[in-house]
Amino acid sequence: QVRLVESGGGLVQAGGSLRLSCAPSGRTFGNYAMGWFRQAPGKEREFVAAISWSGGSTYYADSVKGRFTISRDNTKNTVYLQVNSLKPEDTAVYYCAAGYSGSYYDQGDYDYWGQGTQVTVSS
């Protein structure tokens with residue numbers, strides 16, 4: 001079956017960094033935009049970052065701009081989210097998503113989702 005598998009989450013102190021990865025399984029997503037969303041306890045899922053299928057365009061939520069970097073390696077069929085200068089408010093489950101068309105920012109326009117990887121930032 002088609003699925004996305006996230007990894008790289010963990011527990012880190014404020015100011016630390018992690019690199020999250022998303023490895024699709026079941027098909028290639030070279031022609032899909034890839035996005036990262038996150039959901040904190042008691043909060044709605046929110047957009048974090050996205051990247052076009054070619055990797056030429058990236059998009060970020062204002063809350064993470066300058067701290068997070070999304071990238072992709074289509075030869076490896078993998079997308080990454082480098083998260084730097086982490087803050088406690090970044091604590092959330094981070095989800096990878098793939099979308100063929102629609103808005104980069106709208107979670108409803110993504111076709112495939114992973115199960116998420118937990119990022120916990122301690123103060």
Checking Cys96 against Val79 for the side-chain contact (heavy atoms from CB on, under 4.5 Å) test, could you report, in this order, the C-alpha distance in whole Å, the side-chain angles of both residues, the deciding distance, and whether it holds? CA-CA 9 Å; Cys96 177; Val79 63; 3.7 Å; yes

Which heavy-atom pair separates [X] from [Y] by the least distance, and what is that distance?
X: Asn74; Y: Gly30; answer: ND2-O, 3.9 Å
X: Arg45; Y: Gln107; answer: CD-OE1, 3.2 Å
X: Tyr60; Y: Thr69; answer: OH-CA, 3.3 Å

With Val121 via side chain to side chain contact (heavy atoms under 4.5 Å, CB included) - residues at least two apart: Val12, Ala14, Leu86, Pro88, Asp90, Thr91, Val119

Below 4.5 Å, heavy atoms only, C-beta onward: do [X] and [Y] meet side chain to side chain?
X: Ile70; Y: Tyr80; result: no
X: Lys87; Y: Arg67; result: yes
X: Glu46; Y: Gln39; result: no

Looking at Thr117, is its backbone amide N or carbonyl O close enough to the side chain of Glu6 to form a donor-acceptor pair, meaning the two atoms are under 3.5 Å apart? no

Check whether Ser54 reaches the backbone of Ser52 with its side chain - one donor and one acceptor, N or O, closer than 3.5 Å. no

Exceeds 12 heavy-atom contacts within 6.0 angstrom, atom CD of Gln115: no

I'd like to check the ring pair (Phe, Tyr, Trp, His ring centres under 6.0 Å) partners of Tyr94; sequence neighbours left out, ordered by chain and number. none

Roughly how far, to the nearest 0.5 Å, is OG of Ser57 from CD1 of Ile51? 8.5 Å

Hey, what do you get for CE (Met34) to CG (Leu4), rounding to the nearest 0.5 Å? 5.0 Å

Any pair with a residue in residues 53-66 that passes salt bridge (Lys or Arg N to Asp or Glu O under 4.0 Å), sequence neighbours left out, goes on the list, sorted by first then second residue, please. Asp62-Lys65

Contact list for residues 1-35, test ring-ring contact (aromatic ring centres under 6.0 Å, His included), sequence neighbours left out: Phe29-Tyr32, Phe29-Tyr112, Tyr32-Tyr100

Would you list the atom pairs, donor with acceptor, under 3.5 Å between side chains in residues 15-26 and any protein atom, with sequence neighbours excluded?
from, atom 1, to, atom 2, distance (Å)
Ser17, OG, Asn84, OD1, 2.9
Ser21, OG, Ser7, OG, 2.7

Hey, what else clusters with Trp113 if you join Ile, Leu, Val, Met, Phe, Trp, Tyr whenever side-chain heavy atoms sit under 4.5 Å? Phe37, Phe47, Tyr59, Val93, Tyr95, Tyr104, Tyr105, Tyr110

